[in-house]
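Notes follow once the structure below has been shown.
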Amino acid sequence: MSKEKVFAVAGKGGTGKTTLTALMLRYLVETYNGKSILAVDADANANLNEALGLELEETISQIMDEAKDARAIPAGVSKDQYIELRANQAIVESDNIDLLVMGNPKGPGCYCFPNELMRNFIQKLRTNYDYVAVDNEAGMEHLSRKTIDNVDYLLITSDATARGVRSAGRVYDIVKSVKIDARKIFLVVNRTDNNGLESLKGEIEKTGLELIGGLPNDERVYEYDLKGRPLFDLPQDSRSYLAAVEIGRKLGL
Ligand SMILES: Nc1ncnc2c1ncn2[C@@H]1O[C@H](COP(=O)(O)OP(=O)(O)O)[C@@H](O)[C@H]1O
Ligand SMILES: [Mg+2]
């Protein structure tokens with residue numbers, strides 16, 4: 001059994017995965033001062049770093065790409081060793097959170113991650129942390145290929161419409177069919193209005209997903225995103241942050 005607690009966020013593009021991941025990370029930082037936290041940006045279109053206020057350095061994809069050229073690898077070092085060394089260097093370190101950015105594995109040159117290698121690397125890496133948060137891409141490639149497995153909580157995000165909830169239901173179907181290794185799976189409805197979730201209750205029931213909470217529509221979240229400001233700078237009493245705190249508590253994180 002792994003001791004680190006892992007949560008992953010999945011869902012259609014634009015439904016608030018990165019927002020939820022960043023707000024939950026802030027909850028962890030503020031609640032467990034001094035605990036070690038790893039954030040993994042597993043979205044090919046990486047932008048979690050911005051929400052966290054961290055500089056993006058290198059991505060795993062770039063390193064894999066670089067290692068395709070045998071001349072890049074120093075003599076006496078195996079390719080696997082070299083990738084592991086470089087991947088460790090690519091971790092962005094900050095006071096509270098370390099960030100690993102997977103990047104786009106189908107980027108220029110078109111290739112795929114050697115699965116085994118990445119899986120082993122992440123498996124080893126995560127044991128150094130108390131908490132691991134994974135912001136996924138809509139396709140859930142890393143979850144379905146099990147680059148990241150043994151997840152405690154998988155949170156599926158949806159926008160606050162009937163169609164959005166049905167779409168989250170389809171994500172849930174995929175999660176079940178590819179047998180993603182998550183201990184518990186919940187729905188988070190994002191951008192709820194003042195009427196809350198009452199009107200979506202029936203639709204949510206049909207998906208079979210258990211609702212853990214909602215994030216209210218929060219103009220400041222959108223505004224900060226536009227300006228590239230980290231969500232860690234949101235006022236402490238922001239509606240969206242308070243809602244993330246509630247979700248964190250309900251999960252027992
Ligand atoms: N609760 C919210 N209130 C206001 N704007 C939001 C909220 N959640 C997300 N947004 C905005 O919606 C857009 C998509 O959110 P994002 O978290 O990037 O989604 P994803 O990571 O799923 O693609 C961003 O511009 C973000 O600022
Ligand atoms: Mg995102």
Side-chain angles (χ1 to χ4, degrees), residues 7-27 39-54 56 59-61 92 97 99-107 132-143 147-148 153-161 163-172 174-175 185-197 200 209 211-248:
F7 75 88
V9 180
K12 242 182 77 176
T15 54
K17 295 180 293 296
T18 301
T19 302
L20 178 66
T21 308
L23 292 174
M24 299 272 297
L25 281 164
R26 177 168 165 184
Y27 160 76
V40 180
D41 190 344
D43 191 341
N45 189 3
N47 64 357
L48 179 64
N49 66 297
E50 283 178 29
L52 300 177
L54 298 174
L56 191 137
T59 71
I60 295 294
S61 301
V92 182
I97 296 175
L99 174 68
L100 180 72
V101 182
M102 303 300 278
N104 188 353
K106 297 192 196 81
V132 181
V134 187
D135 180 10
N136 283 283
E137 90 277 51
M140 296 183 294
E141 182 162 312
H142 294 290
L143 284 176
T147 331
I148 299 148
Y153 303 114
L154 176 63
L155 306 176
I156 299 177
T157 50
S158 157
D159 57 39
T161 63
R163 200 186 297 160
V165 170
R166 284 199 288 272
S167 159
R170 285 192 293 275
V171 171
Y172 185 36
I174 297 170
V175 165
I185 301 169
F186 295 103
L187 175 70
V188 175
V189 178
N190 186 21
R191 302 187 90 155
T192 56
D193 57 23
N194 290 329
N195 302 327
L197 296 162
L200 292 172
L209 275 162
L211 179 73
I212 187 93
L215 288 188
N217 191 45
D218 184 340
E219 266 171 38
R220 272 184 294 206
V221 167
Y222 184 71
E223 193 189 302
Y224 275 47
D225 191 32
L226 275 184
K227 293 185 179 149
R229 270 186 86 175
L231 295 181
F232 275 50
D233 289 354
L234 280 176
Q236 191 78 23
D237 61 354
S238 294
R239 295 144 47 82
S240 53
Y241 178 57
L242 294 177
V245 167
E246 209 178 300
I247 292 170

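Indexing begins at 1, ligand by ligand and atom by atom, following the structure's order. Side chains included, hydrogens not; waters and symmetry mates left out as well; all remaining heavy atoms used.
Taking R170 as the reference, nothing meets the salt bridge (Lys or Arg N to Asp or Glu O under 4.0 Å) condition, with sequence neighbours excluded. For the salt bridge (Lys or Arg N to Asp or Glu O under 4.0 Å) test, no residue two or more places apart in sequence or in another chain qualifies with E246.
You'll find the side chain of N49 stays beyond 4.5 Å of the side chain of V92, heavy atoms only. With a 4.5 Å cut-off on side-chain heavy atoms, L234 and R26 count as touching.
Within 4.0 Å of ligand 1, the residues that place a heavy atom are K12, G13, G14, T15, G16, K17, T18, T19, N190, R191, P216, N217, D218, V221, Y222, D225, listed by chain and number.
Judged purely by atom type and a 3.5 angstrom limit, K12 has no side-chain atom pairing as donor or acceptor with the backbone of A168. Side-chain atoms of D41 come within 3.5 Å of backbone atoms of N47 as a donor-acceptor pair (strictly under, hydrogens ignored).
Here the protein contributes T18 OG1 as N, O or S atoms under 2.8 Å from the Mg ion (ligand 2).
How far CE of M140 is from CD1 of I148: 12.5 Å, rounded to the nearest 0.5 Å.
Defined by atom type and a distance below 3.5 Å, a donor-acceptor pair is present between the side-chain atoms of D135 and T18.
Paired with L215 under the rule side-chain contact (heavy atoms from CB on, under 4.5 Å), one option of V221, L23, T192 passes, and it is L23.
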